[in-house]
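Atoms within each ligand, like the ligands themselves, are counted from 1 in listed order.
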Amino acid sequence: MTKIKKILIANRGEIACRVMKTCQRLGIATVAVYSEADAGALHVEMADEAVLIGPAPARESYLDIKKILAAAKETGADAIHPGYGFLSENAEFAEAVSKAGLIFIGPPPGAIRAMGGKSESKALMEKAKVPLVPGYHGDKQDEKFLKSEAEKIGYPVLIKASAGGGGKGMREVWDAKEFSEALAGAQREAKSSFGNEKVLIEKYLVKPRHVEIQVFADQKGNAVYLFERDCSVQRRHQKVLEEAPAPGLSAATREKMGNAAVAAAQAIGYVGAGTVEFLLEAKENFYFMEMNTRLQVEHPVTEMITGLDLVEWQIRVAEGEKLPLAQEDLQINGHAFEARLYAEDPSKDFLPGAGQIQFLRYPMESDCVRVDTGVREAPFGDGDVISIYYDPMIAKIIAWGKDRDAALRHMQDALDNTYIAGPKTNINFLRALTKNRDFAAGMVSTHFIAEHHDALLPKPSAPADETLALAALGVLAERGERMSDDPWGDLSSWRIGGGETDAFIFKSGEKEYPVKVSCPDLKIALPDGKTVQAGYAGSPFDLGFAAQLGGKRYEAAVYRDGPHMHVMYEGHNEELTYLDPLHAGEGDEESAGRLTAPMPGKVVAVRVEMGAKVTKGQPLIIVEAMKMEHTITAPADGVIEAIHAAVGDQVSEKHELIALK
Ligand code: MV4
């Protein structure tokens with residue numbers, strides 16, 4: 001039984017839902033806080049109580065300490081769980097929670113502060129005999145001295161902002177000649193980005209892995225390590241795919257890293273869940289990088305290989321209980337991966353996405369597959385909205401197996417059975433990653449994505465035959481309006497031109513792909529002249545259908561939004577344009593003339609007036625979203641017929657902005 005009776009989760013999305021699941025299992029009441037943008041969110045629905053704390057921008061809601069404490073007071077919560085991100089590593093928040101007489105489910109403020117700065121944390125680690133990257137992290141900052149330190153370390157060196165994080169403000173220096181220029185740049189950037197120009201110099205490790213140790217400490221001085229996670233597969237310091245244990249790590253090194261991490265935690269009087277990040281080099285040399293004083297996004301892979309619930313441990317430790325297990329009771333069972341499904345566009349350098357989920361089906365959960373998400377499935381369209389205000393993570397797909405190969409197979413299968421349409425996502429990138437031969441061989445490093453860029457982000461290719469066949473069947477099923485089980489059984493009334501076949505033209509990129517379906521025998525003629533016999537094989541889920549193509553059974557979902565088509569089936573998520581003869585013409589001239597917002601955002605400039613003559617490519621209106629400006633230009637020469645937005649307007653995705661004749 002727990003002393004804590006009601007927990008307010010000061011967070012949103014998947015981590016809020018995840019924490020609530022443990023609370024519900026332990027019989028602890030839950031309070032959600034939410035912003036106006038999250039009024040319909042899953043975490044609000046899951047909670048026993050929910051308090052609106054402000055408008056969408058995080059600084060007016062999820063980052064507002066006063067509003068969160070007021071919500072806790074109003075609902076009589078006796079503890080607050082901060083999740084990750086937002087206020088989870090904010091010492092001032094931890095203090096304010098305790099001062100309000102509530103339990104902060106996390107480390108003491110002093111421990112958060114100790115790990116806040118790189119230089120201070122390195123000094124503490126040095127005292128605790130935790131291996132550091134050879135370098136200098138003292139207070140002397142004059143150029144001459146720092147340059148002599150760089151000479152002592154030996155090039156290449158890395159200059160890092162002490163108050164920095166997430167790779168911002170780092171400068172590689174390969175030769176003494178470049179040092180002064182690089183130092184000045186690093187100091188300038190440190191000053192402007194973090195308000196503190198202090199830098200440290202380190203030996204540059206050219207191809208490290210990012211291996212982090214999960215540690216847990218209670219209020220009685222006990223501390224254990226729950227083994228490691230390899231999080232090397234990152235892009236721009238954003239983790240994409242994590243695994244536990246680290247491929248190929250020897251038991252000896254695991255024990256050394258684990259003991260070093262426990263020493264680090266004890267050196268700062270740590271309590272609760274923490275992660276000590278290391279850089280691991282060839283020959284298994286490892287060096288302290290930084291310590292995170294929160295429960296991390298990727299904690300589920302540790303839970304899968306230890307069979308533990310880390311949120312339950314957090315709650316018990318916060319109540320003053322002794323750690324549930326000692327080091328000798330802990331062991332690794334199997335292997336686990338976590339893939340982060342994001343609304344982002346890999347073909348546009350992973351530009352963050354936003355907008356409404358039109359179709360979303362997760363893989364079936366089991367002992368081997370777990371989905372942590374704050375975004376609901378959407379079998380019928382009109383799903384949850386991925387907003388521009390927060391991290392565009394949709395879900396974490398977690399897979400376990402008795403060994404790495406089995407876990408990887410389960411992850412590949414889970415990703416193949418993740419169907420999503422709406423905002424652009426990285427689903428195909430994740431599939432390519434988990435199917436990559438070098439990844440399967442465990443050859444991971446922090447350069448993995450860069451080194452495999454072309455294989456992971458292939459140029460758009462011609463749609464597969466199955467995609468075209470299923471697209472045609474999807475349109476026919478739609479026309480059949482699903483009147484009966486067999487959507488293609490009674491197509492007679494829907495035949496175009498009364499003939500025996502239906503003709504379709506699908507576009508991918510600039511190329512057109514003609515497909516013909518003879519009804520009712522469902523023989524499909526493909527663009528390359530091949531034919532395939534199709535047959536109906538049931539409707540396994542809404543907006544989906546199962547079809548035989550040449551005897552092989554496919555479960556597919558085809559989502560259409562005007563001319564845009566999403567064809568989803570095992571392992572495929574492809575977009576086509578469908579020129580529907582039933583609505584010939586109205587689509588293109590309408591879309592050419594109707595200029596809409598590419599995603600939700602704020603109008604920051606209108607460059608034209610009513611009646612103005614414009615030429616193709618001329619900037620018409622600028623919308624700001626995701627901290628970026630998107631200029632909408634004239635798709636052709638024309639005259640401005642209507643302007644439906646003004647500077648300062650908040651517009652939703654597909655909101656009509658300009659009518660161009
Ligand atoms: C390094 C390094 C190589 N040598 N330090 C990236 C952000 C911050 N966590 C520290 N990082 C690095 N520090 C030395 N001396 C390479 C990185 C690094 C990195 C580290 C972990 C995971 C991904 C990374 C991507 C680029 C660079």
Can you tell me which residue and heavy atom of the protein come closest to [atom], and the distance to 0.1 Å?
atom	value
atom 7 (C) of ligand 1	G167 N, 3.3 Å
atom 21 (C) of ligand 1	H210 ND1, 3.5 Å
atom 24 (C) of ligand 1	T446 CG2, 3.6 Å
atom 20 (C) of ligand 1	L279 CD2, 3.7 Å
atom 10 (C) of ligand 1	M289 SD, 3.4 Å
atom 5 (N) of ligand 1	K160 NZ, 3.1 Å
atom 16 (C) of ligand 1	P208 CG, 4.0 Å

(message) Cation-pi check for F350 against R236: NZ or CZ below 6.0 Å from the six-membered ring centre and within 45 degrees of the axis, yes or no?
(response)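 Verdict for F350: no cation-pi partner in R236.
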
(message) A cation-pi test, strictly: NZ or CZ of K140 under 6.0 Å from the centre of the six-membered ring of F145 and no more than 45 degrees from its axis. Yes or no?
(response) yes

Which of the ligand 1 atoms, numbered from 1, are nearer than 4.0 Å to a heavy atom of [X]:
X	value
Y204	3 (C), 4 (N)
K203	4 (N), 14 (C), 15 (N)
E202	5 (N), 14 (C), 15 (N)
Q234	22 (C), 23 (C)

(message) Is the distance from the ring center of F93 to that of F86 below 6.0 Å?
(response) no

(request) Please confirm whether W313 and F216 have ring centers closer than 6.0 angstrom. (result)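 Between W313 and F216, the centre distance is under 6.0 Å.
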
(request) Look at atom 26 (C) of ligand 1 and find which of R236, E172, H237, H447 reaches it with the closest heavy atom. (result)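 The option holding the nearest heavy atom is H237.
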
(request) Compare I153, L280, V133, L205 and give the one whose heavy atom is closest to atom 3 (C) of ligand 1. (result) L205

(message) Ignoring hydrogens and geometry beyond distance, is a side-chain donor-acceptor pair present between R18 and T22 at under 3.5 Å?
(response) yes

(request) Indicate whether any N or O donor in one side chain lies under 3.5 Å from an N or O acceptor in the other, for Y62 and D38. (result)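 Side chains of Y62 and D38: pair found under 3.5 Å.
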
(message) Just to check, does E290 reach to within less than 4.0 Å of ligand 1 when the distance is taken from its heavy atoms?
(response) yes

(request) Find out whether R171 and L158 are in side-chain contact, i.e. whether some heavy atom of one side chain is under 4.5 Å from a heavy atom of the other. (result)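 SC-SC contact between R171 and L158 ruled out.
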
(request) Could you check if a side-chain atom of R404 sits within less than 4.5 angstrom of a side-chain atom of F337, using non-hydrogen atoms only? (result)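 They are in contact (side-chain heavy atoms under 4.5 Å apart), so the answer is yes.
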
(message) Please give me the minimum heavy-atom distance between E202 and K160, naming the atom from each residue.
(response)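 What the structure gives for the nearest pair is OE1-NZ, 3.1 Å.
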
